[in-house]
Chemist: 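Mind having a look at this structure? Questions to follow.
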Amino acid sequence: MEYKFNEIEKKWQDHWKASKAYKVSNDSDKPKYYVLDMFPYPSGSGLHVGHPLGYIASDIYSRYKRLKGFNVLHPMGFDSFGLPAEQYALETGQHPAETTKKNIATFKSQLDKIGFCYDWEREVQTSDPNYYKWTQWIFLQLYNSYFCNTQKKALPISLLVKKYETKGCNTFTAEEWNGYSKLQQEEILMNRRLAFSKFGEVNWCEALGTVLANDEVVNGVSERGGHPVEKKKMRQWYLRITAYADRLLEGLETVDFSESMKEMQRNWIGKSQGAEISFDIVNGELSMVNYEPSDNTAPFTIDHSPLTVYTTRPDTIFGVDFMVVAPELELVQQIKSAEQTAAVDEYIAYVKSRSDVDRMAEKKITGCFTGAYAVNPFDGKQIPIWISEYVLAGYGTGAIMAVPCGDERDFKFAQHFNIPITNIIGSYFDGTAANPTKEALLENSGFLNGVKMTEAAEIILQQLEEKGIGKRKVNYRMRDAGFSRQRYWGEPFPIIWNEGIAIPQDAATLPLELPHVDKYGPGPSGEGPLANITDWVQPGDLPPASGLPPASGLPPASAGGWKRETSTMPGYAGSSWYFLRYMDPNNANTFCDRKASDYWNQVDLYIGGTEHAVGHLLYSRLWTKVLYDLGLIGYDEPFKKLVNQGMITGKSFFFMLDNGGNKIISYSKENAANTTVRLKYGHQFVDNSGKLTKKNLEKQIADGLIELPRQEIVWEKEGDEEFVFVKEESEKMSKSKFNVDNPDELCDKYGADTFRMYEMFLGPVEASKPWDTKGIEGVHRFLRKLWRLFNDELKGKVWTDEKATDAELKIVHRTIKKIEEDTEKFSFNTAVSAFMICVNDLFDARCYKKEVLEKILILLVPYAPHIAEELWHQLGNEGSVLDAQYPVFNPALLVESTKEYPISINGKVRANLSLSLDLDQKQVEEIVLQNDVVIKWLEGKAPKKIIYVKNKMINVVV
RNA sequence: CCGGAUGUGGCGAAAUUGGCAGACGCACUAGACUUAGGAUCUAGCGGAGUAAUCCAUGUAGGUUCGACCCCUAUCAUCCGGACCA
């Protein structure tokens, strides 16, 4: 009987589906285990071989855990809201709901083909109204909460209102509060809500017609599509993630993520400790200046100290040679002197003309003196105040004190504008480059002379606080997360605007469904497509049908009283909590029953790519913390352990063009400046030395596998052979790069089991590696060999019921130990090797015994479920091999009484010696000294020392 | 420029974490059975040498009886953050 993998796999996949083999219950007395994959965005191009890498790993682990007696939750779903579907709709006119539905069907059939053990009854789709109903609901929880700075947690905003009504706060009394208009009160509350709306500078992308979050902007252009992004002032929704900065940092200590992943999140949060210091200003005409405080701080005003800078190095205050203020700050207008006004205005105009992209591309040193001076509070020195684009308005106070001897940028600026430099760090500063040391003993620093910098910081901080001109300050690089998009294909906000006041929709009327539209173009004045649907924006209904709370007392929209928010939520909204919905996917009464979330608890194992390090992972951690604070779930970190699968890169090949660009020549390093041309497909036809023969190329073109380049090829000749050299490069897989392999085809050709095992065999899950189908044959051979242990092509069944010998059991138990260890530590590539060794050994031993084979199948079922299930039944077993008893490793079988010890002399192995394991040091020494090889090497001299490491080796030191 | 990671055959990679480097697989070579084989089996496969043996884990040092593994310096590649004061 032959190994007909196609039939076998089809048979079992159908059977699993029909028998609901992977249905998971929330009610079980087994311990739980939750394995989660980062759910995919269902793009139009389907899965490529890179996608399933993580899915296969998680599938293996889930099946393994199930065999080990756990109730395993291993769900799958789709992150189905998002930009590409809408872009596609714009281009083709197809409704995103339609294309998304189609794409999901494709993805599901591809996934099923690989034989994953998902419980599809728990599938979630973020664009499904039954799902986004709860995304909207959680948004309302965020909207109705604030971050309490003393308890360091989210609390209902109603508590804050009560406090204001009865006690007031630092900035206003209860009487004042109660006297405020509704609008004033709402504005104050808006400044505290976790989901809030404000006018702010946003990353506006004209080409995409929407606002982007900071992590969606890379080097000044949009992450998706690479379109230019500009700053624009708009009313936007935000999540107050900055309030959680510290808890997001602390939480990292409690989870098992890779160090680099944690580091990336820490960098993104960018916590820095320093001080805000205020300087008096002279020579400008000013009284008191109100500047906008940095995010997330109470208004901070210091009388008669108008220039406040943020620094992490207060110890360098005597080295301040100039100040730099961000040109955008209002303060600049107030302090510029009459003589400098023209120059300052001209410079500001110049800065405005430069986009972020310009600034990133060419980093010029520019700036302008304002004519004003700040006064150093410690020595009275007058310090010129400059403006320059290198100081960012959005960070700290938007102003810095420049210490050229210690800061590279300040140094270059001082050099460029010939500002004299004060050296406060003595020999650490050589006049040619700044030195950011903290070790120097201060010089030229008044009362701090001779004090070590690390200690000086504390002294200065104390004096600043005493004098009331400064305070300690922690700053974060992270900004509040932009939460609205001027797009169609996302969750609508359950918010209704009335005269500048945001009114949350009555939760009982959710979901607020996305209305159907025919056009996806942007709405008026930067609004999204939803703004075009006037009868949705302002329906004539009265509450509650409109979703307005009954008590709002507002007139119907037809009277012009109110309108809906027209932007939609960003892609990360739905993905910030999906792991909770899997636990209780069909609950119509709540997002996830507390009983379900308590049972499944945290995700034990989360597998996905590194690309979500700062986006998705931070946002889902934030949402989890808020839900926890509000008592809706029982834990504040969603993912216990995170494994990042590496990216599988595709192999691309390039020809080189000659100088005219008309002819294709061999690739060579010497002409590296020449342009290259991509060989479209054909990576399997290039040999190891990078040679592509003419014969080969022509054959593949005839078979329709390669697209011929337009240019003429100049062949090189050697004997009869004509060929060109091509360059190989690993790149991210993408259709446009012609380097994609499709998992469906590989499953058809070799079978899903081979495909699964081969992806694992490729290398460690975490490592990035180039895709190469060449090795897949080897894995396929292994499975066929396994098959032949049960069935012979001619003889048919070969397995027997005979009892296994000790030698055979030894092979099995060695394998049990190895597979169990490797699976536990995610070393799937070595586990596959262990299977191969095991099957080879059994084959060599002609061991076809059921007793032995059965155990191997149980070990194998996580890796190659179809063949394992098939053979399991061929052995006459009932039920699924997944419900079998996991074989228990018996160490007694592997214990040996003697061992081959390598004997080395001065570390170099010279002989082997079989020794009994229960010998002691003395006995070993005696035996070793009688060994012929050792005697020869010793040449009659006594050895200095004999080192005997039990179970390992013996070393004779001469 | 800063941070993180990684450097082992022609290729993907192993190495019980300091103890015989290169398991397992691909590719390659020779042979067997075959009408044939892109099926299967056997043997070989880091480099030099007929051989004993010597040299090899990016490079240079160090610790150790013994180093792919630990320490120092240096180079290279990949990933992330980059005017954050």
Side-chain angles (χ1 to χ4, degrees), chain A residues 2 218-219 258-268 270-272 274 309-313 316 324 356 359-360 363 365 388-392 394-403 406-410 412-413 436 475-479 610-611 613-614 644 646-647 649 687-689 728 730 757-758 761-764 766-779 781-782 784-785 788 793 817-818 821 827 829-838 840 843 900-912 943-947 949 951-958:
Chain A
E2 219 183 312
V218 178
N219 291 332
S258 71
E259 206 36 57
S260 65
M261 187 64 48
K262 289 183 181 180
E263 200 55 37
M264 268 189 234
Q265 295 205 7
R266 288 190 198 109
N267 273 339
W268 184 259
K271 183 174 183 171
S272 78
V309 302
Y310 175 71
T311 180
T312 54
R313 297 296 301 274
T316 61
V324 190
D356 274 7
R359 281 180 50 182
M360 304 280 182
K363 284 176 188 166
I365 299 172
S388 172
E389 58 180 341
Y390 86 86
V391 171
L392 305 178
Y395 184 80
T397 61
I400 61 156
M401 55 182 228
V403 184
D407 184 280
E408 194 55 41
R409 290 155 305 176
D410 297 347
K412 289 200 171 130
F413 194 87
N475 257 320
Y476 301 94
R477 178 158 48 227
M478 181 170 67
R479 311 291 151 81
T610 42
E611 65 271 24
V614 289
N644 294 113
M647 195 166 55
T649 50
D687 75 8
N688 287 336
S689 54
E728 179 188 321
S730 286
M757 290 195 93
Y758 181 58
F761 185 64
L762 229 41
E766 289 97 331
S768 287
K769 53 226 150 193
W771 176 254
D772 188 346
T773 36
K774 278 178 183 159
I776 200 167
E777 299 275 355
V779 176
R781 271 200 274 272
F782 150 73
R784 281 210 309 263
K785 200 164 184 176
R788 295 208 310 276
E793 214 168 299
K817 180 167 187 266
K818 180 80 176 139
E821 282 171 3
S827 182
N829 56 329
T830 52
V832 175
S833 292
F835 280 120
M836 290 176 170
I837 294 168
C838 172
N840 284 340
F843 220 84
E900 279 279 291
Y901 278 92
I903 302 182
S904 45
I905 292 164
N906 286 344
K908 203 132 240 172
V909 177
R910 299 295 173 187
N912 277 327
K944 277 189 195 145
K945 208 178 356 171
I946 293 178
I947 297 157
V949 183
N951 268 319
K952 296 211 166 154
M953 46 64 67
I954 299 160
N955 191 18
V956 182
V957 184
V958 182

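Order of the sequence lines sets the chain letters (A, B, ...), proteins ahead of strands, with each chain counted from 1.
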Chemist: Heavy-atom distance under 4.5 Å between the side chains of A/Arg313 and A/Val403, does that happen here?
Modeler: no

Chemist: Please write out each protein N/O paired with an N/O of nucleotides 12-19 of chain B under 3.5 Å, distance rounded to 0.1 Å.
Modeler:
from	atom 1	to	atom 2	distance (Å)
B/G12	O2'	A/Leu762	O	2.4
B/A13	O3'	A/Asn829	ND2	3.4
B/A14	OP1	A/Asn829	ND2	3.0

Chemist: What integer distance in Å separates A/Asn267:CG from B/A82:C1'?
Modeler: 10 Å

Chemist: Between B/G25, B/A82, B/G3, which nucleotide gets closest to the side-chain atoms of A/Glu263?
Modeler: B/G3

Chemist: Which is it for B/G9, anti or syn, if anything within 90° of zero counts as syn?
Modeler: syn

Chemist: Checking A/Asp407 now: which residues fulfil side-chain contact (heavy atoms from CB on, under 4.5 Å) with it, not counting sequence neighbours?
Modeler: A/Arg409, A/Asp410

Chemist: Measure from CD1 on A/Ile776 to C1' on B/C24 and round the result to the nearest Å.
Modeler: 16 Å

Chemist: Within this structure, what is the CG-to-C1' distance between A/Leu392 and B/G81, rounded to whole angstrom?
Modeler: 14 Å

Chemist: Determine the interatomic distance between C1' on B/A14 and the same-named atom on B/C75; round to the nearest Å.
Modeler: 26 Å

Chemist: How far does the C1' atom of B/G22 sit from the matching atom of B/U57, given to the nearest Å?
Modeler: 9 Å

Chemist: Tell me the closest heavy-atom pair linking A/Tyr901 and A/Val949, and the distance in Å.
Modeler: CE2-O, 3.8 Å

Chemist: Which range-with-range stems can be found for RNA chain B when each stem has 3 or more Watson-Crick or G-U pairs in a row and both distances sit under 3.5 Å?
Modeler: B:1-7 with B:75-81, B:10-12 with B:24-26, B:28-32 with B:40-44, B:46-48 with B:53-55, B:58-62 with B:70-74

Chemist: Could you check how far CZ of A/Arg479 sits from P of B/A82, rounded to whole Å?
Modeler: 10 Å

Chemist: Could you state the NZ-C1' distance from A/Lys271 to B/A85, rounded to the nearest angstrom?
Modeler: 18 Å

Chemist: Under the rule for ring-ring contact (aromatic ring centres under 6.0 Å, His included), what residues qualify as partners of A/Phe413, not counting sequence neighbours?
Modeler: A/Phe322, A/Trp386, A/Tyr390, A/Phe417

Chemist: Looking at every non-hydrogen atom in both residues, tell me the closest pair between A/Gly274 and A/Tyr310 and how far apart they are.
Modeler: N-OH, 3.4 Å

Chemist: Hey, which of these two, A/Ala834 or A/Thr610, hits RNA chain B nearer its 5' end, going by closest nucleotide?
Modeler: A/Ala834

Chemist: Which atoms form the tightest heavy-atom contact between A/Gly396 and A/Asn475, and what is the distance?
Modeler: CA-ND2, 3.5 Å

Chemist: Mind checking if A/Asp407 touches a base, just sugar-phosphate, or nothing, with heavy atoms under 4.0 Å?
Modeler: nothing

Chemist: Taking only the side-chain heavy atoms of A/Tyr390 (C-beta and beyond), determine which of B/G4, B/A85, B/C20 contains the nearest atom.
Modeler: B/A85

Chemist: Give the rounded distance in Å between these two atoms: CZ of A/Arg266 and P of B/A82.
Modeler: 17 Å

Chemist: Need to verify one output field. Residue with the more 5' nearest nucleotide on RNA chain B, A/Met401 or A/Lys908?
Modeler: A/Lys908

Chemist: Have a look at A/Ser272 and say if it touches a base, only the backbone sugar-phosphate, or nothing, with a 4.0 Å heavy-atom cut-off.
Modeler: sugar-phosphate

Chemist: Any idea which of B/C65, B/G4, B/A85 is nearest the A/Asn906 side chain?
Modeler: B/C65

Chemist: The side chain of A/Tyr395 is closest to which nucleotide in this list: B/A85, B/A23, B/G3?
Modeler: B/A85

Chemist: So which nucleotide from B/C41, B/G25, B/G80 ends up closest to the side chain of A/Asn840?
Modeler: B/G25

Chemist: Restricting to side chain to side chain donor-acceptor pair (under 3.5 Å), what partner residues turn up for A/Lys818, sequence neighbours left out?
Modeler: A/Asp822

Chemist: List in chain and number order the residues that pass side chain to side chain donor-acceptor pair (under 3.5 Å) with A/Glu766, two or more places apart in sequence or in another chain; answer none if no residue qualifies.
Modeler: none

Chemist: Whole angstrom is fine here: how far is it from CE in A/Met261 over to C1' in B/G81?
Modeler: 14 Å

Chemist: In terms of the angle between their ring planes, are A/Trp771 and A/Tyr758 parallel, tilted or perpendicular, with boundaries placed at 30° and 60°?
Modeler: perpendicular

Chemist: Quick check: closest heavy atoms across A/Val324 and A/Ala402, and the distance to 0.1 Å?
Modeler: CG2-CB, 4.4 Å

Chemist: Say you pick atom C1' in B/G58 and the same atom in B/U64; how far apart are they, in whole Å?
Modeler: 23 Å

Chemist: For A/Glu900, what residues pass the side chain to side chain donor-acceptor pair (under 3.5 Å) criterion, not counting sequence neighbours?
Modeler: none

Chemist: If the condition is side-chain contact (heavy atoms from CB on, under 4.5 Å), which residues does A/Asn906 pass it with, not counting sequence neighbours?
Modeler: A/Val957, A/Val958

Chemist: Among all residues two or more places apart in sequence or in another chain, which pass the side-chain contact (heavy atoms from CB on, under 4.5 Å) test with A/Lys412?
Modeler: A/Ile365, A/Glu408

Chemist: Measure CD/A/Glu611 against C1'/B/C79 and give the value in whole Å, please.
Modeler: 12 Å

Chemist: When rounded to the nearest Å, what value does the distance between P atoms of B/C1 and B/C20 take?
Modeler: 41 Å

Chemist: For A/Arg910, which contact category applies under a 4.0 Å heavy-atom criterion: base, sugar-phosphate, or nothing?
Modeler: sugar-phosphate

Chemist: Indicate syn or anti for B/U77, taking the glycosidic torsion and treating anything within 90° of 0 as syn.
Modeler: anti

Chemist: What's the shortest heavy-atom distance between A/Phe843 and A/Arg788, and which atoms?
Modeler: CZ-NH2, 3.6 Å

Chemist: Can you tell me how far P in B/U6 sits from the matching atom in B/A85, rounded to whole Å?
Modeler: 28 Å

Chemist: B/U17 and B/G66: how far apart are their C1' atoms, nearest whole angstrom?
Modeler: 15 Å

Chemist: Between B/C24 and B/A43, how far apart are the two P atoms, rounded to whole Å?
Modeler: 12 Å

Chemist: If the P atom of B/A21 is compared with that of B/A56, how far apart are they to the nearest Å?
Modeler: 12 Å

Chemist: Produce the list of close N/O pairs, under 3.5 Å, pairing protein atoms with atoms of nucleotides 33-39 of chain B; give distances to one decimal.
Modeler:
from	atom 1	to	atom 2	distance (Å)
B/A39	O3'	A/Arg784	NH2	3.1

Chemist: Any N/O pairs under 3.5 Å between the protein and nucleotides 62-64 of chain B? List them or say none.
Modeler:
none

Chemist: Check side-chain contact (heavy atoms from CB on, under 4.5 Å) between A/Pro902 and all other residues, then give those that pass, not counting sequence neighbours.
Modeler: A/Val909, A/Asn912, A/Met953

Chemist: Test your reading of the model: is there a side-chain donor-acceptor pair from A/Asn955 to the backbone of A/Gly907, 3.5 Å cut-off?
Modeler: yes

